[in-house]
Protein chains: 2
Amino acid sequence: MTSNKTRSAYHHGDLANAVLDEVERIIEEQGLENVSLRACAKAVGVSHSALFRHYADKRDLLTAFAARGARRMAASVNQQIADVPQGKRFLAVGLAYIDYARKNPGAFRMIFREDALNPDHPDYAQAMQQMAAILAIGGHGSEDTDALSPKALLAWSSVHGIAMLCIDGSLSRDVAQAELEALIEQSLRALAPVLLE
Amino acid sequence: MTSNKTRSAYHHGDLANAVLDEVERIIEEQGLENVSLRACAKAVGVSHSALFRHYADKRDLLTAFAARGARRMAASVNQQIADVPQGKRFLAVGLAYIDYARKNPGAFRMIFREDALNPDHPDYAQAMQQMAAILAIGGHGSEDTDALSPKALLAWSSVHGIAMLCIDGSLSRDVAQAELEALIEQSLRALAPVLLE
DNA sequence: TGACTATGTGACCAATGGAAACATGTGTCT
DNA sequence: AGACACATGTTTCCATTGGTCACATAGTCA
């Protein structure tokens, strides 16, 4: 689709996005350490130097990838909680968040790998702020307080922590996936009452 | 100390550990992406190929570093909760855990960067198991259940999540360090009652 | 059409992880 | 003590990588 459209010989048409797709593919299939500019470029059918027309840096490319991932994640969570009543939002947000992480582990890791990217990039910063807002809503119902409340932090981090432990820690190996679902939901349910005052 | 002891010309004496120290220094001072075998080797005063006598791989070296970090972290937490009464253990464990993460962010990140290391390495696996045991103790008082209980998972992940968000996420930038301390403690205190049945 | 700009190419470079062949030190057995 | 085996370190070499530069080509717009 993105390939044989406006590509006579030069000019891919939408290299910037195509290469992000390629980063995603490689990252999920072979892990982050196998993402090289050259591998991405070749897969897209372009010389590796072409990428520098769209991204200043490898770091810049990864930042763009993380930003896109964060946007998608926020959108996904937002969609899944759309028609959930206010009182049950935390559970819904948590499950959606963890679900996204488990289905896109590479992207999820990259989103929070701040030492490998440029956290000040406007796109990234904005996407992350959006995510934080969603999590805060799930956490304590309103979003007007600038200062993070203890309960909001607790909501944020427990969900985030579960997600991390699911895709990396021992949860990803020692626990059967079927019971993991249940385990997660029970944990979140146990926490929910605390968050509602 | 480690330097001019048994080092006539060849034979450093304790290269394996010295290079781990160097990894730590670089990782904390300049970030993970600047850790190169050559840089470590030069700093220790040895040719870069010498490292391959002690570690099969860069990944193997990083795994050893992560394992040592996990052992130290477990020891540190263990020590800080030694004379805390059973009922208040969760708070103590949480604070100690987060404290270690904030003081050794590079090491902490590496410990959980499982896609960059070899999680099956016995040293690493054992150290992680030890950590999990400690966290479980803090979570629900006994360690006999093989299956992870929801409460144990909740304890584990909330503490882990806070730690992550402290060293990377927005907490590391937008929140003043002074009030962060208080915020963390309040969050953990809010969670504690849930964990005690 | 002609000029300007955006996008892509190819040749080049220094640094990196890793392998191979060689050198030197240490310990052990007689 | 001498000789041998083994552990540890060095040098040299290589393919790959991120990055730069000069050049080529494709759209665009006067």
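Predicted, not measured: the structure shown is a model, and the values here were computed from it.
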Engineer: Find the distance Asn17(A):CG to dT7(C):P and express it as a whole number of Å.
Structural biologist: 13 Å

Engineer: Applying salt bridge (Lys or Arg N to Asp or Glu O under 4.0 Å), name anything that partners Lys103(A), two or more places apart in sequence or on another chain.
Structural biologist: Asp99(A)

Engineer: Any side chain to side chain donor-acceptor pair (under 3.5 Å) involving residues 185-196 of chain A? Give me the pairs, sequence neighbours left out, ordered by first then second residue.
Structural biologist: Glu185(A)-Arg189(A)

Engineer: Would you give me the side-chain donor-acceptor pairs under 3.5 Å for residues 42-58 of chain B, sequence neighbours excluded?
Structural biologist:
residue, atom, partner, partner atom, Å
Tyr55(B), OH, Ala16(B), O, 2.7
Lys58(B), NZ, Val35(B), O, 2.9

Engineer: Hey, are Asp168(A) and Arg113(B) close enough for a salt bridge, meaning a charged N less than 4.0 Å from a carboxylate O?
Structural biologist: no

Engineer: Distance-only check: which donor-acceptor pairs under 3.5 Å involve side-chain atoms of residues 123-133 of chain A, not counting sequence neighbours?
Structural biologist:
residue, atom, partner, partner atom, Å
Tyr124(A), OH, Ile111(A), O, 2.7
Tyr124(A), OH, Glu114(A), OE2, 3.2

Engineer: Tabulate below the donor-acceptor pairs under 3.5 Å that side-chain atoms of residues 76-85 of chain A make, not counting sequence neighbours, or state none.
Structural biologist:
none

Engineer: Within residues 24-41 of chain A, find the residues that approach DNA chain C with a heavy atom at under 4.0 Å, and present them sorted by residue number.
Structural biologist: Arg38(A)

Engineer: Please list, by residue number, the residues of residues 47-58 of chain A whose heavy atoms come closer than 4.0 Å to an atom of DNA chain C; answer none if no residue qualifies.
Structural biologist: Ser47(A), Ser49(A), Ala50(A), Arg53(A), His54(A)

Engineer: Salt bridge (Lys or Arg N to Asp or Glu O under 4.0 Å) with Arg59(B): which residues, sequence neighbours excluded?
Structural biologist: Glu33(A)

Engineer: Taking ring pair (Phe, Tyr, Trp, His ring centres under 6.0 Å) as the definition, give me every residue that meets it alongside Phe108(B), ordered by chain and number, with sequence neighbours left out.
Structural biologist: Tyr97(B), Phe112(B), His160(B)

